[in-house]
Amino acid sequence: MKPAMETAAEETTEQSQEKKGCFECCIKCLGGVPYASLVATILCFSGVALFCGCGHVALTGTVAILEQHFSSNPSDHVLLTEVIQLMQYVIYGIASFFFLYGIILLAEGFYTTSAVKELHSEFKTTACGRCISGMFVFLTYILGVAWLGVFGFSAIPVFMFYNMWSSCEVIKALPTNLTTTADQICVDIRQFGIIPWNALPGKACGQALEQICNSNEFYMSYHLFIVACAGAGATVIALIHFLMILSSNWAYLKDASKMQVYQDIKAKEEQELQDIQSRSKEQLNSYT
């Protein structure tokens with residue numbers, strides 16, 4: 001009985017040690033995750049996806065509204081149509097680039113976080129690694145400034161659609177105010193410069209304007225432009241977050257390189273001291 005009980009106790013001990021080892025391994029793996037970079041990556045992916053997806057569909061709806069209600073002659077808005085198509089192709093490129101760039105920044109966060117350096121004790125910083133980190137800081141700063149411009153540019157269609165929506169709300173409230181007729185309330189798209197002044201009809205008034213506001217194209221495009229603008233703002237916040245993370249990592253790598261040089265010099269001096277001591281001991285032994 002005793003050998004059987006001892007065997008069961010040993011198996012229980014081994015199982016507990018295995019569970020403890022798995023738990024410690026999981027804790028180390030979780031400690032090696034750069035959570036700040038992970039949050040910034042998720043926010044960046046979400047913002048870019050909202051901007052690209054909603055912006056693409058909203059531009060298509062804008063062209064439909066323009067062709068149906070504001071420009072009957074295709075030659076009047078052919079340039080605008082080509083620009084919108086070009087912007088849609090640019091959206092494809094932006095989505096692809098930021099998907100790759102976000103993964104690269106997340107990988108850079110994994111390899112520069114202090115938790116990973118503690119897991120891999122042989123990790124050493126190099127001049128190439130510090131140069132790459134500095135390059136990411138500069139590139140992220142440039143992209144952040146560019147996305148600030150994109151965020152401001154994406155607010156323009158929101159402003160235009162808001163003007164149309166507010167004009168429609170005024171038309172709906174006209175029964176309480178009899179000093180103005182519905183036909184006197186108009187929205188002239190030509191004043192925004194997106195179509196030439198000789199384009200006909202170029203504007204919508206009264207019931208025609210209210211019909212535009214009640215259409216599915218207007219409703220979808222208006223709300224999608226708002227979401228796209230919010231996505232651009234989220235991308236700006238994500239890039240600012242990335243910029244702070246990269247700056248912190250670069251400073252850490254710089255300090256780590258200095259510490260590495262100090263440790264190398266210290267190890268060299270200790271080795272020289274040990275050599276001197278060993279030679280002195282050999283000389284004393286030879287004298288004796």
Side-chain angles (χ1 to χ4, degrees), residues 47-95 146-236:
V48 172
L50 289 175
F51 174 79
C52 294
C54 297
H56 186 279
V57 178
L59 288 173
T60 303
T62 302
V63 173
I65 294 173
L66 188 67
E67 292 176 347
Q68 295 174 8
H69 302 284
F70 293 100
S71 180
S72 58
N73 188 2
S75 61
D76 292 335
H77 59 270
V78 62
L79 179 60
L80 178 63
T81 303
E82 292 177 354
V83 171
I84 289 178
Q85 290 179 352
L86 179 62
M87 292 174 63
Q88 289 177 335
Y89 287 121
V90 170
I91 284 175
Y92 296 145
I94 290 175
W147 269 96
L148 279 175
V150 173
F151 176 67
F153 180 77
S154 62
I156 295 176
V158 176
F159 173 74
M160 294 170 57
F161 275 83
Y162 174 77
N163 281 341
M164 295 178 64
W165 175 81
S166 60
S167 299
C168 292
E169 292 297 316
V170 172
I171 293 175
K172 293 178 181 179
L174 278 180
T176 60
N177 185 7
L178 301 178
T179 59
T180 304
T181 61
D183 293 334
Q184 292 178 341
I185 300 175
C186 302
V187 172
D188 194 343
I189 297 297
R190 295 171 295 186
Q191 65 181 343
F192 296 108
I194 59 177
I195 56 176
W197 281 102
N198 57 357
L200 296 175
K203 64 179 181 179
C205 302
Q207 296 298 324
L209 179 59
E210 190 174 2
Q211 182 181 0
I212 294 173
C213 294
N214 293 331
S215 63
N216 292 328
E217 291 84 0
F218 179 86
Y219 180 83
M220 289 295 296
S221 298
Y222 181 33
H223 290 85
L224 287 176
F225 272 128
I226 294 175
V227 176
C229 185
T235 306
V236 172

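Being a predicted model, the structure only gives us computed values, none of them experimental. Heavy-atom basis, side chains included; hydrogens, waters and symmetry copies ignored.
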Min side-chain heavy-atom separation M87-F153 under 4.5 Å: yes
Please identify each residue that fulfils side chain to side chain donor-acceptor pair (under 3.5 Å) with T60, with sequence neighbours left out. Q88
Report the C-alpha separation of C168 and L209 in whole Å, then their side-chain angles, then the decisive distance to 0.1 Å, and conclude whether the side chain to side chain contact (heavy atoms under 4.5 Å, CB included) test is met. CA-CA 7 Å; C168 292; L209 179 59; 3.8 Å; yes
Side-chain contact, heavy-atom cut-off 4.5 Å: I156 with F159? no
Relative to each other, are the rings of H223 and Y219 parallel, tilted or perpendicular (30° and 60° limits)? tilted
Which heavy-atom pair separates M164 from F70 by the least distance, and what is that distance? CE-CZ, 3.9 Å
Hey, are the side chains of F161 and L224 touching, using non-hydrogen atoms and a 4.5 Å cut-off? no
Approximate separation, where rounding is to 0.5 Å, of N214 CG and Q207 CD: 9.5 Å
Taking every non-hydrogen atom, the tightest pair across F51 and A228: CD1-O, 3.4 Å
Which heavy-atom pair separates C54 from V227 by the least distance, and what is that distance? SG-CG1, 3.5 Å
Kindly compute the distance separating CD1 (I171) from OG (S166), expressed to the nearest 0.5 Å. 10.0 Å
Taking every non-hydrogen atom, the tightest pair across T62 and F225: OG1-CE1, 3.1 Å
Closest heavy-atom pair and its distance - A204, I212: CB-CD1, 3.6 Å
Ignoring hydrogens and angles, tell me if any N or O in the side chain of T235 forms a donor-acceptor pair with the backbone of V48 under 3.5 Å. yes
Evaluate the side-chain proximity of V187 to N163: yes if any heavy-atom separation is below 4.5 Å, no if none is. no
Just wondering, are more than 12 heavy atoms of other shown residues or ligands nearer than 6.0 Å to CD in E169? yes
Salt bridge (Lys or Arg N to Asp or Glu O under 4.0 Å) partners of residues 187-196, not counting sequence neighbours, each pair once: D188-R190
Pairwise side-chain contact, T81 with Q85, heavy-atom cut-off 4.5 Å (strictly under): yes
Look only at the side chain of H56 and the backbone of C52, and say whether a donor-acceptor pair between them is shorter than 3.5 Å. no
Of all heavy-atom pairs between S221 and I65, which one has the smallest distance, and what is that distance? OG-CD1, 4.4 Å
Can you tell me if M220 has over 12 outside heavy atoms packed within less than 6.0 Å of its CE? no
Distance check, rounded to the nearest 0.5 Å: Q191 atom CD versus K203 atom NZ? 10.5 Å
Minimum side-chain heavy-atom gap Y162-I226 below 4.5 Å: no
